[in-house]
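One structure is given here, and the rest of the page talks about it.
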There are 2 protein chains.
Amino acid sequence: MSEKGHRKSADGRQKASKKRANTREEQKARTRQKLLGAALSLLETRSFGAISLRELTREAGVAPAAFYRHFDDMEELGLALIEESFEALRGMLKEARTELAGFDQVIRDSVEILIRHIHENRLQFQFIARERYGGVAALRHAIRTEIRLFSSELALDLSRFPVLDKWSSEDLGTYAGLMVTNMVAIVEAVLDLPPGDSRAEAEIKRAAERQLLMLVLGSAGWRSQT
Amino acid sequence: MSEKGHRKSADGRQKASKKRANTREEQKARTRQKLLGAALSLLETRSFGAISLRELTREAGVAPAAFYRHFDDMEELGLALIEESFEALRGMLKEARTELAGFDQVIRDSVEILIRHIHENRLQFQFIARERYGGVAALRHAIRTEIRLFSSELALDLSRFPVLDKWSSEDLGTYAGLMVTNMVAIVEAVLDLPPGDSRAEAEIKRAAERQLLMLVLGSAGWRSQT
DNA sequence: CAAGCGGGTAAACGGTTGTTCACCCAGAGT
DNA sequence: ACTCTGGGTGAACAACCGTTTACCCGCTTG
């Protein structure tokens, strides 16, 4: 309907009924996204290894055979999902990169940002948490290397703080590992909550801040005692 | 085991071919254990939600229908497995309950004991780690409450240490939570290793000791600043 | 404007799944 | 010695699985 073809004059946008912009690759990208989205929403209740291909395509509203136009394999889709999810996570790290304020302010802000991002990307976080030690080996490994990357980025950030800037890089790595471990634990605690319960969430937030503060205070007492 | 009932003459043991002691309930317990064992070994590669009942009975060497003589449901078997696994874990906590030595000695011993127990009960630990945030809700919840229990037991133990004995119980709880979180992280790191790699394991051990030490030093700087 | 390529479909395949059924037979109870 | 009981079996069920096939049709390209 409406215009189409090679126009020359201004514009050219033809936003038909529901699915606009029917160039070939756009259409393909759209159903690919439908598949990934369907996977994410199924992962809310099952783990990845327990999802069947047919169930997935049913949820996505496509024929089972269509799947093979996009992925060879469920595993391949899983890897794509990991990539996509960590993309969102990187956005968070960028925002959290902070100017050097006081310790407790930094902690408060970090926890705030973390929790907000969890809510905005709940399904992705849940997927990663669930598959981190889940049954599909390839996904486990992919996630592990992503987290390692994350951790070393954090170590770099930490090195700009006073006190910490004099630590050995091994100590910094150990410390960053601690922080990440406990951040992950916070994520998991938030995900466990029924999504509406802001009462319990405030409690987790408080506990998280206290825990991170304990960690920071620990750093003050640490003098590289090899 | 061995003797039973009101004996009269010496002995009476008839240990036929492979499966001895054929009282009714012993036999039942034995195949029940076969089912649980089969589940554990399948869980090495899949997550619980991805295991099929038939696959399980095949592994156990029983007919599919036999399953229903023991459990209504796969979920029920999963819960039994959790109970059994945490039983083993409690044994560890008992052993780890320590006399008050120096901090670093306590840490070294604890890590030692933890790692040994992981090796002795690898499958159980793996199962719990995998299902802690896995897809089956009932198992997740059961594991969570067990870990909470574990954590509060630890808090009680901690309260006997100097310095810590003056902390508020909330602070102790927070601290115990930290310890448990990081212990769990250690478990997961060890489980990730290829089982033979003692080189990498020593490294993890070292990192674990350093991390726990950081935590302890943090406690020194903590003065309940509500 | 014709040709054709590619993302989509429905149908069919053999294999596996969970669950039920009638049946068997060794240990328990009298 | 008798029957009863209950853990175990194999066969059968419909439902679902992953994958392949032949086909359709609209965007893309010449």
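In what follows, chains carry the letters A, B, and so on, assigned in the order in which the sequence lines appear, proteins first and then strands, with residues in each chain numbered from 1.
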In whole angstrom, what separates Phe67(B)'s CZ from dT20(C)'s P? 12 Å

On the nucleotide dC16(D), are OP1 or OP2 found under 4.0 Å from the side-chain N or O atoms that Ser52(A) carries? no

Separation of dA26(C) C1' from Asn22(B) CG (nearest whole Å): 9 Å

Selection: residues 54-62 of chain A, any non-hydrogen atom under 4.0 Å of DNA chain C: Arg54(A), Val62(A)

Contact state string [nucleotides 1-6 of chain C, B base, S sugar-phosphate only, - no protein heavy atom under 4.0 Å]: ---BBB

Could you give the OH-to-P distance, from Tyr68(B) to dC21(C), as a whole number of Å? 12 Å

Positive for side chain to side chain donor-acceptor pair (under 3.5 Å) with Glu203(A), one of Arg199(A), Lys205(A), Arg206(A): Arg199(A)

Taking Watson-Crick and G-U wobble pairs with both distances under 3.5 Å, convert DNA chain D into its dot-bracket string, 5' to 3', dots for unpaired and | for cross-strand pairs. |.||||||||||.|||||||||||||||||

If I take atom NE2 in residue His70(B) and atom C1' in nucleotide dG18(C), what distance separates them, rounded to the nearest angstrom? 17 Å

So does Glu146(B) pair up with Arg90(B), basic N to acidic O under 4.0 Å? yes

Expressed in angstrom and rounded to an integer, what is the separation of Leu35(A) atom CG from dG7(C) atom P? 13 Å

Side-chain donor-acceptor pair present, His117(B), Gln124(B), cut-off under 3.5 Å: no

